[in-house]
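Notes for the one structure printed next.
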Amino acid sequence: MGNCGAFVRTAAVFLWLEVCLVGCDITDGNTEHLKREHSLMKPYQGVGSSPSSQWDFWGSTLVTSSYVRLTPDERSKQGSIWNTVPCHLKDWEMHVQFKVHGSGKKNLHGDGIAIWYTKDRLHPGPVFGNQDQFLGLALFLDTFRNDLHGMDRSFPYISAMVNNGSVSYDHGKDGRSSELGGCSAEIRNREHDTYLAIRYSKGRLTVMVDVDDKNEWKECIDIGGVRLPTGYFFGASAATGDLSDNHDIISMKLYQLMVEHTPEEENLDWTKIEPSVSLLKSPKDNIDDPTGNFRGTPLTGWKVFLLLLCALLGIVVCAVVGAVVFQKRQERNKRFY
Ligand SMILES: [Ca+2]
């Protein structure tokens, strides 16, 4: 039996190794693919003071060494922060660490934060401090319920919208008519860190949240058939109205995803793509997931090799364990005869 125990232990170690290769690097993604020119990180060196800074800010935005406050907990404020470098990655993943907090009691606070990937930057307006009828992608972290008929969902509510410049965001309905998907998430006045991840790869938009201090992503939105061009800008904005909150961005980290495209895809001019969503295509049509793990660890060559090696060893170990167990059973059975 001792040998079998050792086999089981070995198998367990390999199993752990396998799981770990996929899931251990789960806090901040893979620095290997972090794109600094599109990332905003503490202590925000040069932001707002140096002309070479890759981030501009506007409105009520206040940059300290530990957070970027888009709005203070005061009425009628609007602020935004924008990357100055257009993003030419075809496949990317943005991790946003944020904090929404204030003295307002339940339901007496607002309005929320929006994360943008748009053609225009620094265009103040009525949609969480940014322009309406934008071109590109928006993620709304809406903390105030405007639509009293929409009681089937709880707030705060996170939703996504893709716009080709022709659609207006309907505040009165909390953007429901134009949303592609969404989820409720308790993002306000939390003691711990709160995160949002937006992944765009091969026409698939996936949004995950990590707001329960469990250090794991929870799916919020997953849709296929989304077309976004390259060359747009990342940004974040927030607004308060009659009700308010502090809307803080702690970091925005952009990761490049290593995804292969066909030569035809590569030859396209990706800057010419019009933002759109083909609603005929269900998310299930788009399940190929070449990068495996969501949290910023695109599988590089050696990882794939190690995984395959582990899988192979796992199979061998299982076969051997199975053979030993079978043999023992045979022996035991023999004794009954
Ligand atoms: Ca709202």
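Just follow the structure's listing: the first ligand is 1, and inside any ligand the first atom is 1.
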Does any N, O or S atom of [X], backbone or side chain, fall under 3.0 Å from the Ca ion (ligand 1)?
X      : answer
Tyr157 : no
Asp174 : yes
Phe144 : yes
Asp142 : yes

Cation-pi check, Arg121 onto Phe233 ring (under 6.0 Å, within 45° of axis):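 Yes.
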Axial cation check for Trp270 ring with Lys90, 6.0 Å and 45° limits: yes
Side-chain heavy-atom pair Met252, His38 within 4.5 angstrom cut-off: no
Phe140 and Tyr169 aromatic centres sub-6.0 Å: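 Yes; Tyr169 has its ring centre under 6.0 Å from that of Phe140.
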